[in-house]
Number of protein chains: 2
Amino acid sequence: MNKTRQNIIQKSIELFNEQGVVNVRIRDIADALAISTGNLTYHYKTKQDLMHSVYRYMIKTLEEMSIGNQLMMPGRGALHVVRGYLEYITKFRFFYQDTLEIIRAYPELAKSHHQQVEQEKAIIKNLLYRAIGKGEIKGEAFPGLYDSLAHSIWMTLHFWLTQQAIRGEAEDKLEKGLLMIANLIYPYATEQGVGVFLKMQGELTH
Amino acid sequence: MNKTRQNIIQKSIELFNEQGVVNVRIRDIADALAISTGNLTYHYKTKQDLMHSVYRYMIKTLEEMSIGNQLMMPGRGALHVVRGYLEYITKFRFFYQDTLEIIRAYPELAKSHHQQVEQEKAIIKNLLYRAIGKGEIKGEAFPGLYDSLAHSIWMTLHFWLTQQAIRGEAEDKLEKGLLMIANLIYPYATEQGVGVFLKMQGELTH
DNA sequence: GTCTATAGAGTGATAGAC
DNA sequence: GTCTATCACTCTATAGAC
C-alpha cells in the first residue's frame with residue numbers, strides 16, 4: 001500500500017470521527033489532504049471501496065492489539081483488556097457511533113461485523129470465567145446469568161461513546177466507562193474480589 | 001391538525017422505522033400516501049418542519065402513556081413500567097436507532113432530547129429507590145452504585161433495538177430485553193425480592 | 001388543498017490532458 | 001499518479017395552474 005492510499009485511509013478515519021460517515025464527502029477528504037478528487041477516486045474507485053478499506057484497516061488494528069494474547073498474559077488484569085477496548089473504540093468511534101447507518105449503506109460489512117460482535121462477546125465471557133477460576137467472582141447463580149452479564153458489558157463498551165454523544169457529554173471520560181463496567185461486575189465479586197474491585201475503584205475515581 | 005397532516009406524520013414514522021430517517025425521501029412519503037410532493041411540502045414546508053412535528057408527536061405520545069402516573073399506581077410493578085418503555089421504543093424505533101444521526105441533522109432536537117434522557121434516568125432511579133423502600137432490593141452498598149445501575153438500565157432500554165439490528169437479530173424479542181434488565185437488578189435483590197425475581201423470570205422465559 | 005413541472009443545490013464518478 | 005473540468009444523478013423546495 002503506497003503513501004497516498006495510507007494518507008487517504010488515515011484522513012478518512014479522522015474526518016469520519018469528527019463529522020460522521022455520511023457527512024464526509026469524497027471532496028472533503030481530498031481537500032483535507034490537498035489532493036484532487038480525481039486523484040482520490042483513482043486510488044479508491046468508489047466510496048464503497050474506500051469504506052471497505054477503512055474497515056479492513058480497523059480489523060487489522062484490532063488484531064494487532066491482539067486482545068487474545070493479552071488475555072493469556074499473566075499479571076495483566078481484565079481491566080487492562082477492557083481499557084484497551086475502550087481506547088480502540090475511541091480511535092474508530094465513527095464506526096461505533098454510526099454502526100447501523102454504515103451497515104445499512106454497506107451491507108457487505110454487516111456479516112463481517114456480526115462475527116466481530118460474537119468474538120467480542122466470547123472474549124468477555126472468557127474473562128468472566130477466568131475471574132471465576134481465580135476466585136475473584138462467584139460461580140454462576142443460574143444458567144444464563146453470566147451470558148446476560150457479558151451481553152451487558154458488551155453493550156456498555158459498544159455504545160459508550162454513542163450515549164456520550166447523545167447526552168451531549170464531553171468525550172474525555174474513558175474512566176467513567178470503565179467504572180460503569182466495574183460496577184456491573186461488582187455485585188458478583190467474592191470477598192477476595194471485593195478487595196480488587198475497591199482498589200480499582202480508587203484508581204478510577206482519582 | 002387535519003387528516004392529511006395526520007396521515008403524513010403516521011406514514012413518516014412507518015417509513016422511518018422501516019428504512020431509517022435519511023433513507024426516506026419526501027417523495028417516498030408522498031408516494032406511499034398517494035399524494036403529490038407538492039401537496040406534502042404545502043403541509044410541511046421543509047423536511048426539518050416534518051421532523052419537528054414527528055418529534056412533538058413522539059413526546060406527546062410518551063406523555064399520554066404518563067409513565068409518571070403508572071408509577072403511582074399501586075399493584076403495578078416496575079416490570080410493567082419497563083415493558084411500557086420498551087413498547088414505546090419499538091413504536092418509535094427510528095428515533096432510538098438513529099438518534100445521533102437525527103440530532104446531528106436537526107440540532108434543535110438535541111437539547112430537547114437531553115432533557116428527555118435525564119427524565120428517563122430520573123424515573124429509573126425513582127423506581128430503584130421505591131424498590132428499596134419495598135424491601136425488594138438492598139440498600140446502596142456505596143454512593144453512586146445505583147446511579148451507575150440506573151445508567152446501565154437506561155442504556156439497555158435506549159440501545160436495545162439498535163444492538164438487535166447491529167447483531168442481525170429479529171426484532172421480536174421484547175422479553176429478552178426485559179430479562180436482561182431484570183438480570184441487571186437481580187444481584188441486588190433481597191431474599192424477599194429474589195422470589196419476585198424468579199417469578200418474573202419464569203414468566204419471561206415461557 | 002392538491003396537482004404537475006421544474007428549478008436549484010449537492011455529490012459521486014468519469015474523461016482526458018499532463 | 002495527479003490534475004481540471006464536467007457529466008449524471010438524487011433530492012429538496014418552489015412556481016403556478018386547477
Side-chain angles (χ1 to χ4, degrees), chain A residues 1-57 94-95 98 100-109, chain B residues 1-57 94-95 98 100-109:
Chain A
M1 196 195 249
N2 72 34
K3 191 70 185 152
T4 304
R5 283 174 76 91
Q6 276 182 39
N7 287 341
I8 293 170
I9 297 293
Q10 293 297 332
K11 188 59 78 178
S12 297
I13 292 169
E14 194 182 317
L15 295 180
F16 288 167
N17 280 339
E18 285 167 12
Q19 304 171 34
V21 174
V22 283
N23 301 315
V24 176
R25 299 161 307 171
I26 295 292
R27 204 161 296 180
D28 295 329
I29 302 167
D31 286 355
L33 288 168
I35 64 172
S36 66
T37 68
N39 191 357
L40 198 153
T41 55
Y42 168 79
H43 288 99
Y44 295 100
K45 204 140 190 62
T46 67
K47 196 173 181 180
Q48 177 175 307
D49 280 353
L50 175 58
M51 278 305 301
H52 282 218
S53 276
V54 167
Y55 185 78
R56 270 196 301 277
Y57 174 74
F94 77 92
F95 186 81
D98 302 336
L100 243 189
E101 204 175 331
I102 292 171
I103 67 180
R104 274 200 288 238
Y106 310 99
E108 323 77 46
L109 295 186
Chain B
M1 194 196 250
N2 71 33
K3 191 69 185 153
T4 304
R5 283 175 76 91
Q6 276 182 39
N7 287 341
I8 292 170
I9 297 292
Q10 293 297 332
K11 188 58 78 178
S12 297
I13 292 168
E14 193 182 319
L15 294 181
F16 289 166
N17 280 340
E18 284 168 11
Q19 303 170 37
V21 174
V22 284
N23 301 314
V24 176
R25 297 162 307 173
I26 296 292
R27 198 167 299 178
D28 294 329
I29 302 166
D31 287 355
L33 288 167
I35 65 173
S36 66
T37 69
N39 191 357
L40 198 151
T41 55
Y42 168 80
H43 288 99
Y44 295 101
K45 204 140 189 61
T46 67
K47 196 174 179 179
Q48 177 175 307
D49 280 354
L50 175 59
M51 277 306 300
H52 282 219
S53 275
V54 167
Y55 185 77
R56 271 197 300 279
Y57 175 74
F94 78 92
F95 187 82
D98 301 336
L100 242 190
E101 204 175 332
I102 292 170
I103 67 180
R104 274 199 290 239
Y106 310 98
E108 324 77 48
L109 295 187

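Heavy-atom basis, side chains included; hydrogens, waters and symmetry copies ignored.
Ring-plane geometry between A:Y106 and A:H52 is classed as perpendicular, the angle between the planes exceeding 60 degrees on a 0 to 90 degree scale with a lower cut at 30. Classified by interplanar angle (parallel below 30°, tilted 30° to 60°, perpendicular above 60°), the ring pair B:Y55/B:F95 is tilted.
Checking the phosphate oxygens (OP1, OP2) of D:dT12, no side-chain nitrogen or oxygen of B:K45 falls inside 4.0 Å.
Take B:Q6 and apply the side-chain hydrogen bond (donor to acceptor under 3.5 Å, both in side chains) test, not counting sequence neighbours, and it matches no residue. Legend: residues meeting salt bridge (Lys or Arg N to Asp or Glu O under 4.0 Å) with A:E18, ordered by chain and number and at least two apart, are absent. With sequence neighbours left out, A:A105 forms a side chain to side chain contact (heavy atoms under 4.5 Å, CB included) with no residue at all.
No side-chain donor-acceptor contact under 3.5 Å links B:N17 to the backbone of B:E14.
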At a cut-off of 3.5 Å, list every protein nitrogen or oxygen paired with a nitrogen or oxygen from nucleotides 2-4 of chain D, distance to 0.1 Å.
unit_1: D:dT2; atom_1: OP1; unit_2: A:T4; atom_2: OG1; d: 3.3
unit_1: D:dT2; atom_1: OP2; unit_2: A:T4; atom_2: OG1; d: 3.3
unit_1: D:dT2; atom_1: OP2; unit_2: A:N39; atom_2: OD1; d: 3.2
unit_1: D:dT2; atom_1: OP2; unit_2: A:H43; atom_2: NE2; d: 3.3
unit_1: D:dT2; atom_1: O5'; unit_2: A:N39; atom_2: ND2; d: 2.9
unit_1: D:dC3; atom_1: OP2; unit_2: A:S36; atom_2: N; d: 2.7
unit_1: D:dC3; atom_1: OP2; unit_2: A:S36; atom_2: OG; d: 2.9
unit_1: D:dC3; atom_1: OP2; unit_2: A:N39; atom_2: ND2; d: 3.1

Between the protein and nucleotides 7-9 of chain D, list every N/O to N/O distance that falls short of 3.5 Å.
none

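Only at 4.0 angstrom or more do the heavy atoms of residues 6-15 of chain A sit from any atom of DNA chain C, so none qualifies.
A:I9 and A:S53 get closest at one heavy-atom pair: CD1-CB, 3.6 Å. Taking all atoms of both residues into account, the shortest heavy-atom contact from B:D28 to B:L15 is O-CD1, 3.8 Å.
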